[in-house]
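All chains are named by letter (A, B, ...) in the order of the sequence lines, taking the proteins before the strands, and each is independently numbered beginning at 1. What you see below is based on every heavy atom in this structure, not just the backbone, and it leaves out hydrogens, waters and symmetry mates. What you are looking at is a predicted structure, and each value in this text was computed from that prediction instead of being measured.
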Protein chains: 2
Amino acid sequence: MMNQNQIRELNEAIDAVRGRRIENVYCVACGGSKAIFDPIQYIFDRETTIPSFVYTANEFVHRCPKGLGKNSLVISCSHSGNTPETVRATALAGEKGALTISFAFKTESPLWEATQHGVSYEWGPETDAGNHNNGMLFRVAFGVLNALQPCEKYERAVKACDALDETFRVNKEKFASRADAFGSKYKRAPLIYTMSSGPCYGVAYSFAICLLQEMQWIHSAAIHSGEYFHGPFEVTDYDVPFLLLKNVGPTRPLDDRAEAFASKYSRELNVIDCAEFDMHLIDEDLHEYFAVLVLGAVIRTYADALADHRGHPLSVRRYMWRMQY
Amino acid sequence: MMNQNQIRELNEAIDAVRGRRIENVYCVACGGSKAIFDPIQYIFDRETTIPSFVYTANEFVHRCPKGLGKNSLVISCSHSGNTPETVRATALAGEKGALTISFAFKTESPLWEATQHGVSYEWGPETDAGNHNNGMLFRVAFGVLNALQPCEKYERAVKACDALDETFRVNKEKFASRADAFGSKYKRAPLIYTMSSGPCYGVAYSFAICLLQEMQWIHSAAIHSGEYFHGPFEVTDYDVPFLLLKNVGPTRPLDDRAEAFASKYSRELNVIDCAEFDMHLIDEDLHEYFAVLVLGAVIRTYADALADHRGHPLSVRRYMWRMQY
């Protein structure tokens, strides 16, 4: 259950959208918070003709797209509410007349000052995962879609958000032994590629840049399954590790094709297939959208296992939190 | 000078745009051909409120954005005119009522059949670089901008395209010894990261996936300079090679910041700075847009040098051209 603040914040944000003419949607954040917007653009592409974009915050600030203006909706996110680039991007959007909605775990923060509509999310193992960053973002995304024009999926999507906590639990358990095997197998790997497409590409990206590069100091790159055959596949070799994330939407054939190839030429292809998830609490036509959130929860256990086998906690940094940059 | 076919094709394509209401622009291709669209989206972001997108072709086909329709302009590119995903994407766009313009070196090709307006480009050392893929694409891009609403930069941009061949020549010469030193220094490197932002991110991407991964079988990833500080920078170490491409547009501070950090914590930071290019044949306010093309020409000589020192020609493949996939 959302807390009273969340319910109020969510309603106020959606009401604000209802009162506006929205011609484009910019999703703006950095790193892991940026990656969670990738499925949002995917959902908007599939559900509405309104154009949506994802920018890393500092690119957005300096590029300053000409389309940004009073008919824009800018959605931003920063866990600490303190990421300077995201705060600046949100303030810039406001100055340009855009409607701003921002997500943060920590509320009394610069992002809260800079935005028009803050939506807080919960965090940590004792809280309902449906009210964490992804869940709250999906609630807002479907709320926005429904505000722009009645969206038949809206109420069922809200129910799906409410079912995330239990769905995460079941599937993390289901994949626990595979996660551990992955951690053991790759504890000495200097490089692991990730790969996906469609709604799940963002998870491949965040696993590469946040979990592997940032938190494990393991080299990585997120490869789009569709791009794989137009360059990257030439690095495939029997000893090059790949982690392929197969989505359950219409772009699944791209992941299938990458799997068929990589399984032939690498002995180190690892697959997490969203089709294997237990999603029975969520309506079937929404699996395309919600599987990515379950994937995010499951893949985190792969990172936990890797960290454990390597004796390198996910919380260790050599630069972040230790110096100015 | 463009040949007569090119002049006719270009004019017909732009005339077609003039006769249409265009509400969004989709740029669709694969790999290296996709990467050359990245600066186009940048230019559109800076010059017009019309939303533009870049998709890898198979993602576009299967995702099939709801915004694709009769008020869309879809621009596609395939060197051979034969890339199945790009041909399908172009055909799909036509079926949805969109206006299609396609670029290819080889004209009597499936892409030529699938598109409404083909624009051919030249290729090879004996031809004018201003009429190669990038030059022709820039001619169309500024032509489209000018057709949508009079663009003061249009005629000067055409002149800049005409000056590309000479500008490429001068700058390749200027960077020749640095390219050779790079090739020698990294001939045994198993991994080289690339990094950039704004108009030049696409070049970082294509150098990573086409030149390094595909043509040299060297591990790589393109890191956005703005994202660097939100994950990837934790892999920075004294012995991790980076190739940073500094742009001369408003996002240059992002590249500056990445340089300041990486130069402190890596002994292997290499920089190609667009500010060093001799661009005197091109109007100064256009450098932001055209430097990326010069960069593309210069960085190719870095790949040539690497291939030479490694005895691994850029033309070698282990999968492409050798099997079905």
Side-chain angles (χ1 to χ4, degrees), chain A residues 24 30-34 42 45-51 53 56-59 62-67 69 83 85 191 197-198 208-210 213-215 217-224 226-227 229-237 249-254 257 261 265 317-320 325, chain B residues 24 30-32 34 42 45-51 53 56-59 62-67 69 83 85 191 197-198 208-210 213-215 217-224 226-227 229-237 249-254 257 260-261 265 317-320 325:
Chain A
N24 52 37
C30 299
S33 289
K34 170 182 166 281
Y42 177 87
D45 265 5
R46 300 276 297 158
E47 295 287 334
T48 174
T49 59
I50 293 174
F53 308 89
T56 187
N58 221 8
E59 175 84 24
H62 288 85
R63 181 187 288 217
C64 194
K66 216 168 176 176
T83 312
E85 301 97 312
L191 174 145
S197 70
I209 73 153
C210 296
Q213 290 183 313
E214 181 179 52
M215 301 186 191
W217 309 350
I218 292 174
H219 295 301
S220 187
I223 297 170
H224 190 286
E227 287 283 275
F229 295 97
H230 300 278
F233 81 147
E234 288 281 341
V235 295
T236 309
D237 211 334
T251 73
R252 184 174 173 88
L254 281 68
R257 187 179 171 213
F261 185 88
Y265 297 102
R317 300 288 185 281
R318 50 180 156 185
Y319 306 120
M320 191 181 176
Y325 46 83
Chain B
N24 52 37
C30 300
K34 169 181 167 281
Y42 177 86
D45 265 5
R46 300 277 296 157
E47 295 287 335
T48 175
T49 59
I50 294 175
F53 307 88
T56 188
N58 221 10
E59 175 85 22
H62 288 85
R63 182 188 288 217
C64 194
K66 216 167 174 175
T83 311
E85 300 97 312
L191 174 144
S197 71
I209 74 154
C210 296
Q213 289 182 315
E214 181 178 51
M215 301 185 191
W217 309 350
I218 291 174
H219 295 301
S220 187
I223 297 169
H224 190 286
E227 287 283 277
F229 295 97
H230 299 279
F233 81 146
E234 288 282 341
V235 295
T236 309
D237 211 334
T251 71
R252 184 175 174 87
L254 280 66
R257 187 180 172 213
F261 184 89
Y265 297 101
R317 300 288 185 282
R318 50 181 154 184
Y319 307 120
M320 191 182 175
Y325 46 82

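With A:E59 contributing its side chain and B:G198 its backbone, the two residues share a donor-acceptor pair below 3.5 Å.
Top candidate by heavy-atom pairs under 4.5 Å with chain B, chosen from A:T83, A:T48, A:I50, is A:T48. Taking B:S220, B:A208, B:G32, B:G249 one by one and counting their heavy-atom pairs under 4.5 Å with chain A, the maximum is reached by B:S220. Contact count versus chain B (heavy atoms, under 4.5 Å) is highest, among A:G231, A:C210, A:G69, for A:G231. Of the listed residues (A:F53, A:F229, A:W217, A:Y325), the greatest number of heavy-atom pairs within a distance under 4.5 Å of chain B belongs to A:Y325. If you tally non-hydrogen atom pairs under 4.5 Å between each of A:P232, A:G67, A:P51, A:A221 and chain B, the highest count goes to A:P232.
Residue B:E227 touches chain A through both its backbone and its side chain, counting heavy-atom pairs closer than 4.5 Å. Contacts of B:F261 with chain A are made by side-chain atoms alone, with heavy-atom separations under 4.5 Å and no backbone atom involved. Heavy atoms of A:R257 lying under 4.5 Å from chain B belong exclusively to its side chain. Residue A:H224 touches chain B through its side chain alone, counting heavy-atom pairs closer than 4.5 Å.
Of all heavy-atom pairs between B:Q213 and A:I223, the closest is NE2-CD1, 4.4 Å. Scanning all heavy atoms of the two residues, the minimum distance from A:T236 to B:Y319 falls at O-OH, 2.7 Å.
When the side-chain contact (heavy atoms from CB on, under 4.5 Å) test is applied to B:I218, the partners found at least two apart in sequence or on another chain are B:I192, B:L212, B:Q216, B:L306, B:R310. Partners of B:P250 according to the side-chain contact (heavy atoms from CB on, under 4.5 Å) rule, which considers only residues two or more places apart in sequence or in another chain, are B:Y42, B:R46, B:E288.
Taking 4.5 Å as the limit, every side-chain heavy atom of B:H230 sits out of range of all side-chain heavy atoms of A:I209. In this structure the side chain of B:E234 never reaches within 4.5 angstrom of the side chain of A:M215, judged on heavy atoms.
If you take CG on B:L191 and NE2 on A:H219, they are separated by 5.0 Å, rounding to the nearest 0.5 Å.
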